[in-house]
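Okay, structure first, notes after.
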Amino acid sequence: MGKMQRDKGKRGEREVVQIMRDLGWPDARRARQSDGAVDPDVAGCPPFWLEVKRRKSIAAARFMDQAVGDAEEKGMPIVFLREDNGEWLVMLRSADVQSFAAEIVARSDEQKKHPTTCREACDLPRRD
């Protein structure tokens, strides 16, 4: 890898460090660089392992562009992706992370308030 690519990667990692600090991980920092899975690209963000990829072009970014254009002001654009025989991945813009997390927490709290089954509503013990 050439010096320009390494410098570009470092800039991307520094950008992600700032994003994570803004999201509430004040200890976020670039980790030591090594070959292999010894350290994440950005450390100090438990419980996350952060890898940073900054490239000229990322094919999946076109899917987000489409979601942003289609959503306009109607909702938060989120893209679910899955390769054949792979697992689902979720992509959202970093600016939307806090709103996304708040919505997940709010819906979780709402489900706790409103049981979804008759057994939960009646507070009946489970039979296994």
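Below, each value reflects all heavy atoms present in this structure, side chains not excepted, and no hydrogens, waters or symmetry copies. These figures come from a predicted structure and were not determined experimentally. We count residues from 1, following the sequence as given.
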Apply side chain to side chain contact (heavy atoms under 4.5 Å, CB included) to residues F63 and L81 and explain how you reach the verdict. CA-CA 9 Å; F63 303 136; L81 309 105; 3.5 Å; yes
Show your reasoning for whether salt bridge (Lys or Arg N to Asp or Glu O under 4.0 Å) applies to R11 and E15. CA-CA 6 Å; R11 285 192 307 272; E15 291 170 12; 5.8 Å; no
Run K56 and K8 through side chain to side chain contact (heavy atoms under 4.5 Å, CB included) and show every step you take. CA-CA 10 Å; K56 178 179 179 180; K8 183 175 173 180; 4.1 Å; yes
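Residues D41 and L50 form no side-chain contact, since every pair of their non-hydrogen atoms from C-beta on lies 4.5 Å or further apart. Annotation: side chain of D22 is not in contact with side chain of Q98 (no heavy-atom distance under 4.5 Å). F100 places a side-chain heavy atom less than 4.5 Å from the side chain of I78.
In this structure, CE in M76 is found 12.5 Å from CD in E73, a value given to the nearest 0.5 Å. We find the CD-CG distance between E103 and D96 to be 12.0 Å, quoted to the nearest 0.5 Å. Put simply, CZ on R93 and OG on S99 are 10.0 Å apart, with the number rounded to the nearest 0.5 Å. Separation of atoms CZ (R54) and CZ (R14) is listed at 10.0 Å; rounding is to 0.5 Å.
When the shell of 6.0 Å around CZ of R82 is examined, it contains more than 12 heavy atoms from other residues, nucleotides or ligands. Counting non-hydrogen atoms of other residues, nucleotides and ligands closer than 6.0 Å to CZ of R55 gives a total of 12 or fewer. Surrounding CZ of R62 are at most 12 heavy atoms belonging to other residues, nucleotides or ligands under 6.0 Å away.
Cluster membership check: I58 does not share its hydrophobic cluster with L92, using side-chain heavy-atom separations under 4.5 Å among Ile, Leu, Val, Met, Phe, Trp and Tyr. Under a hydrophobic-cluster definition in which Ile, Leu, Val, Met, Phe, Trp and Tyr are linked whenever side-chain heavy atoms come within less than 4.5 Å, directly or via other members, M64 and V90 are assigned to different clusters. Taken together through direct or relayed side-chain contacts under 4.5 Å among Ile, Leu, Val, Met, Phe, Trp and Tyr, L23 and M91 form parts of separate hydrophobic clusters. One hydrophobic cluster holds both V68 and V79 under the rule that ILVMFWY side chains link at heavy-atom gaps under 4.5 Å. With hydrophobic clusters built from ILVMFWY side chains whose heavy atoms lie under 4.5 angstrom apart, F48 shares a cluster with V52.
Here the closest non-hydrogen pair linking R32 and V38 is NH2-CG1, 2.9 Å. Listed here is the closest heavy atom pair of A43 and A31: CB-CB, 3.9 Å.
Using modelled atom types, one side-chain atom of R21 and one backbone atom of A28 make a donor-acceptor pair closer than 3.5 Å. Side chain of Q5 to backbone of G2: a donor-acceptor contact under 3.5 angstrom is found. Judged by distance alone, with hydrogens and angles left aside, the side-chain atoms of W25 form a donor-acceptor pair with the main-chain N or O of P46 at under 3.5 Å.
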